[in-house]
Structures are given as structure tokens and as C-alpha cells.
Amino acid sequence: MEHFDLSLVNWSRAQFALTAMYHWVFVPLTLGLAFIIAFMETLYVKTGDEEWKRITKFWMTLFGINFAIGVATGIILEFEFGTNWSNYSWFVGDIFGAPLAIEGIMAFFMESTFIAVMFFGWNKVSKKFHLVSTWLVAVGANLSALWILVANGWMQYPAGMYFNPDTARNEMHNFWEVLFSPVAINKFLHTITSGYVLAAIFVIGVSAWYMLKGRNILLAKRSIIVAAVFGLVTSIFLALTGDGSAYQVAQKQPMKLAAMEGLYEGQEGAPLIVVGALTPGKQFDDDMDPYIFRIQIPKMLSFLGYRSGDAFVPGVKDLVEGGYTYVDKNGVEKVALSAEQKIERGKIAIKALADYTAAKDANDTVAVAYNRALLNDNFEYFGYGYLNNPKSIIPNVPLTFYSFHIMVALGFLFIGFFMLILYLVYFRQFKINKWILRLSILMIPLAYIASQTGWIVAEVGRQPWVIQDILPTVAAVSRIDSSAVQITFFLFFTIFTALLIAELRIMFKQIKIGSKEGDK
Amino acid sequence: MKYISEILWLLSWPVLMYISYRLSVWAIKHWEKKQPEENA
């Protein structure tokens, strides 16, 4: 068994998490604000009202600041696949590289080309051409997200591929299966709508600040209406796609679902924890109660995960020890293997691959055929062969559990917030209490917290896998000195923090300046 | 068709954008009718 440098693995994970989390500070605002701006500019073109043009240009300036820094962090993220995760890139680059390349060639180029027209084309191109450019930026930004999320969805649920033992690489055999994987499509819709909700809250929060200051009142009121409607519609859709995500996780990543709910012992008619706290130090094989306290909805987890209130939801212990029955993707009822059995079969697969290569070199056709068959029979558990301890298939349960519950609670809070704002606009004639305006500003950091915790659930909850069941994170890293990763971690940390501070300072300055023409 | 449910689910994205846009326009018009002096 190969020895893995855990320090290297942990620093590589930390660096990728750092880059991804900083990147995700900028991306959701870009995704949502692009459409809000497109709506506003459409209103300008349709009505000819110059105030809409001023409003559009104001939000466009904030969009531009955010977009530029988002691109800088995104490029570093893609390079890290080569520098820090070269084993991963080598093993599945033929599949993972395709959506990334399409993202760069089609979506990002489209977005980047038309963003120039969007910013510099006022009075140089016709109104309609400018409007089309703005819409294409919005669509392009979101299509970029589609391809990245298709790649991420494939890592959570590898589909449309086969393993080629001659090259020891995974290769794509069906592009459509990769693109239209239910995990990928659901992930795309859930992620972009979270960006829409964040952008709507951002627009309302900034507008609330203007109302508190008694400045740019018309800009603030119109922006609040557009953003609150957009936010309410998309936050309800976000809840729907969240339900879709829970269903997909239950089918494809049951350990993640168990961690999200702190479910150690599987049960039929499993409840959904609404609010709860986990017992610190709880292990899957002890008798401690997993929860210090909990408020739960009976049978809801079974219903969300399996569309039946009485369905059995396996817990962490069941997934480690096996023995429960489940229905596989072909509709066949099976008894689940224990993690130990899966590890054994994974090791058989890895050994069969080595023996296959050796037999091929020796022109031993009988051994080639035998080892190929052995590899095929056990490939489903290939990744388990890199693990040594059954416990290592358990992700960080408290981090996944709390992140999930914070995300869900904030998601429902946002629906209520948008409803409250629209009620005050239409039934109280915009007489919004100062405390509610201050609350609106406070909602901005909460939206970012919800967005980040969502990704923590997705990425921490799927550990130890970088590709579900096929490649564990420990086997995916580049074999480089961990000190090199440490140094670049702190270097990136410093640069990203400086970029974030710069962005915030420029944003605040621009918000203080407000709309250039007129201060109605 | 094999991927029909995924394709339909993906198409909900432009539909969502269209609904959001139409509702935003309606909301703005409705508000402007109620507050004509503010928008003069």
C-alpha cells in the first residue's frame, strides 16, 4: 500500500478550500446581479425612462468591480487542478477537462466579449444591441457556472465513463450522460439560484442604506422592488432545488445525507432535524445519544430522501458496517457491503490492474483476460482500495450537520424577508421602519454565510472522496513537498485577503458616491 | 427519451428568468400607479 503524506493532503485541501471559498465570495453576486441589471436595462429600453438607465449603470459599476476580482480567483482555482491535484487530473482529466474546456471556450469567452460592450458601449452601439450584450453577459456568466457545475456534479456522481486499464485512466464514453446527470443539473439550478438570492439581498441591502441616508431614494425604491420580486421567486425555486438535491444525495451519497442530519443509526420513517445540537465526541460505534437536543419533523427525512415516509434511511453506522438492504441503480435489491468488504474488493481491483499491466508486458494472454475480468468485477470499489480504515469513509459530521442546518434556516429566513419587504412596499407604501432597513443591510453577510455553508455541505460531506467511490482525496494529490503547498497557501491567503479588502473598499466608495447623475 | 426529465428541469432556468422578469415589470408598474407623484 502506498504511503500518503497526510500533511501534504491536508495542506492541499486547505489551499483548494481557501481558493474556492474566496472565489465563491465573488461569483454568486456576479450570477445574480447580471440578471437584475438585465431586467433594469430592459425596463429602460422599453420605457425610455432615463432614471432606469442611471439605475442600470450604477449597479453595473458594482457588478464590474466584483466580476474582475472573481475572474482572478477563478483562474487560480483551475491551475490548482494541475499543480496540487495532478494525480486527479491525470486519472480523470479526459472527462473532467471537457466541461472545463467548454466553459472557457464558449461561456467565458461570450461573457468576456460582451462585457466590453456592456461597460464601454453606451452611446457607441444602439440601445437594443447594448441590451442584447447585457443579456448575453448574464447568460454567459451562468453558462460558465453550468459547465463548472457539470464537472463538479460528475465528481459527486461519476457517470458516462469507463475505466481503460491500458492507460489506467478514466475515459468519457457518453458526453450526454455527463451533461444531463441528474446530480449536475440539480446542482446547477440550486447553485445559480443561490446566487440570485444573494444578489437580490445585496441590492436590497445597499438600497436600504440609501433609504437610511435619505439619498438616491428613487433608485433605492425601484431597485428594492425589482430585487425583492426576483429574490422571492428565486428563493422559492431554491427551496425546490434544495429538495431535489436532498433526493439526489440520498440516492448517490447516502453517507453525506447521514452526516447532514447527524444520523448515526439508520431507521425506517427517519425524522428531519429542524434545529438541534450534536453531542461532542460522538463516535459511530458508541452508545451516546447523537443529539444534545433536537426539534424534528417525523418521517420527513425518509420522505425527502426516498419519497416515502416509511423508507429506511441508512445511518453512519449502517454505511460502515453494511448489512442493510437497498435498491441499486438498476432497480435490483441488494444487501449493502461493509466498508471493510469494500476496502478488500478495492484492493483486489488495484492489484488486478497492476497484474493486468504486468501480464500485458509479458504477453500472457490468459493472465491478461483473468485480471481484466477481476478488475471489472471489483472496479465499483476501486477507490476503497486506497483506504485502510473503515472509519475513514465518514466525513466530518459536525461540520456537515451545522453547515447544512445554517444554510437551510437562512434559506427560509430569506423567503420570509422578501415577503416582508414586498408587504411593506405594497401595503405600507414603502414606510419601512429604520430597524428593518438596518436588518436589510445585515442580511447581506447572512446571504454570504448561507452560500458558503452550502458549499461546505457539498464538499466536506462527500469526503473522503474526490470522485465518489473511485478516487479518494488522499490519492488525488500531486506528489510534491508539503512545504511548497504551505508557502503558497499563505501567499494565496495574503493575496486573496488583499483582493477582498480592495474589492470592499472600492465597493463602499462607489456606493457612497451613488448614482452619478442626480440624487433624487 | 432518456434525458427528458433532466432537459425539462434545465429548461426551468430560462422559464424562471422570464417569470421573474415579467413579475418585476408588473410590480414596478403596479407601484408606479399607486405612487405617481414619486415617479414624476
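In the text below, chain A, chain B and the rest are named by the order of the sequence lines, each starting its count at 1. The analysis underlying the following values was restricted to heavy atoms, covering all of them including side chains, and did not include hydrogens, waters or symmetry mates.
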Could you tell me which portion of A:Ile192 (side chain, backbone, both or neither) has an atom closer than 4.5 angstrom to a non-hydrogen atom of chain B? side chain
Keeping to residues at least two apart or across chains, list the salt bridge (charged side-chain N to carboxylate O under 4.0 Å, His left out) pairs with something in residues 182-198 of chain A. none
Are A:Arg307 and A:Asp243 close enough for a salt bridge, meaning some N to O gap below 4.0 Å? yes
What are the two closest non-hydrogen atoms of A:Ala228 and A:Ile421, and how far apart are they? CB-CG2, 4.0 Å
May I ask you to say whether A:Lys221 pairs ionically with B:Glu32, meaning some side-chain N is under 4.0 Å from a carboxylate O? no
Who in residues 140-154 of chain A is close to chain B, using a strict under-4.5 Å heavy-atom cut-off? A:Asn142, A:Leu143, A:Leu146
Applied to residues 223-242 of chain A, the salt bridge (charged side-chain N to carboxylate O under 4.0 Å, His left out) test, sequence neighbours excluded, yields none
Between A:Lys53 and A:Glu41 (salt bridge meaning N to carboxylate O under 4.0 Å), is one present in this structure? no
Pairs of heavy atoms under 4.5 Å with chain B: top-ranked of A:Val226, A:Leu43, A:Ile185: A:Ile185
Among the listed options A:Val139, A:Asn186, A:Leu232, A:Val425, the residue most often paired with chain B at heavy-atom distances under 4.5 Å: A:Asn186
For A:Trp52, check side chain to side chain donor-acceptor pair (under 3.5 Å) against everything at least two apart and list the hits. none
So for A:Thr47, is it side chain, backbone, both, or neither that comes closer than 4.5 Å to the heavy atoms of chain B? neither
Ring-ring centroid check A:Phe35 A:Phe230, cutoff 6.0 Å: no
A:Phe237 portion near chain B, given a 4.5 angstrom heavy-atom threshold: side chain
Whether A:Tyr162 and A:His173 hold their rings parallel, tilted or perpendicular, with breakpoints at 30° and 60°: tilted
Only pairs of heavy atoms separated by less than 4.5 Å count here; which of A:Ala138, A:Ala184, A:Ser181, A:Pro182 has the most with chain B? A:Pro182
